[in-house]
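Structure first, then comments.
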Amino acid sequence: MTIYRKCEGRYVETEVDGELVLMNTATGRFFALEDSALAIWRAIDGNRDLATIADELAERFGTDAATVASDSGEFLADLVAAGLVEAIPAGHGGAGRDGA
């Protein structure tokens, strides 16, 4: 099981007209999140894995958990590649902020 944790200190965020705008502070790259992407971002807390996030979103949006898991997995991979989120094997410091 892999959990996801935001890379605190590597981004800044602000809400503009119902969107959450993120900027990677190292690259200056911007991301605008809304709807399901915003729901996934808000679900990333350092304690949840993909299955848990997908189950919660499927229930919230009234859709199929398998489809949500597939789409969410792709989005989480994009966030990891962008340096905004870390994918951490369970039991390896998931809940802490320092990665220890």
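Keep in mind it's a predicted model, so treat the numbers as computed, not measured.
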Check: residues 56-63 side-chain donor-acceptor pairs under 3.5 Å, at least two apart:
from, atom 1, to, atom 2, distance (Å)
E56, OE1, R48, NE, 3.2
E56, OE2, R48, NE, 3.2

Which donor-acceptor pairs under 3.5 Å do side chains of residues 68-76 form with protein atoms, sequence neighbours excluded?
from, atom 1, to, atom 2, distance (Å)
S72, OG, V68, O, 2.8

Start with the C-alpha distance between V12 and T25, add both sets of side-chain angles, then the distance that settles side chain to side chain contact (heavy atoms under 4.5 Å, CB included), and finish with yes or no. CA-CA 7 Å; V12 292; T25 56; 3.9 Å; yes
Checking A77 now: which residues fulfil side-chain contact (heavy atoms from CB on, under 4.5 Å) with it, not counting sequence neighbours? none
Please check if M23 and L84 belong to a single hydrophobic cluster, counting links between Ile, Leu, Val, Met, Phe, Trp and Tyr side chain heavy atoms closer than 4.5 Å. no
Can you get from F30 to L20 by hopping between Ile, Leu, Val, Met, Phe, Trp and Tyr side chains that sit under 4.5 Å apart? no
Starting at OG1 of T2, measure out to CG of L50 and round the result to the nearest 0.5 Å. 9.0 Å
Quick one: pull up CG in D45 and CZ in R5 and give me the separation to the nearest 0.5 Å. 11.5 Å
Testing the basics here: between [X] and [Y], what is the closest heavy-atom pair and its distance to 0.1 Å?
{"X": "L38", "Y": "G18", "value": "CD2-O, 4.3 Å"}
{"X": "A37", "Y": "L33", "value": "CB-CD2, 4.1 Å"}
{"X": "A54", "Y": "A65", "value": "CB-O, 4.1 Å"}

S36: which residues meet the side chain to side chain donor-acceptor pair (under 3.5 Å) condition with it, sequence neighbours left out? none
Scan I88, V80, D49, L79 and name whichever one has a side chain to side chain contact (heavy atoms under 4.5 Å, CB included) with Y4. V80
Salt-bridge present (E13, R42; N to O < 4.0 Å): no
So salt bridge (Lys or Arg N to Asp or Glu O under 4.0 Å) across residues 20-39, not counting sequence neighbours, yields none
Sequence neighbours excluded, the answer for ring pair (Phe, Tyr, Trp, His ring centres under 6.0 Å) partners of Y11 is W41
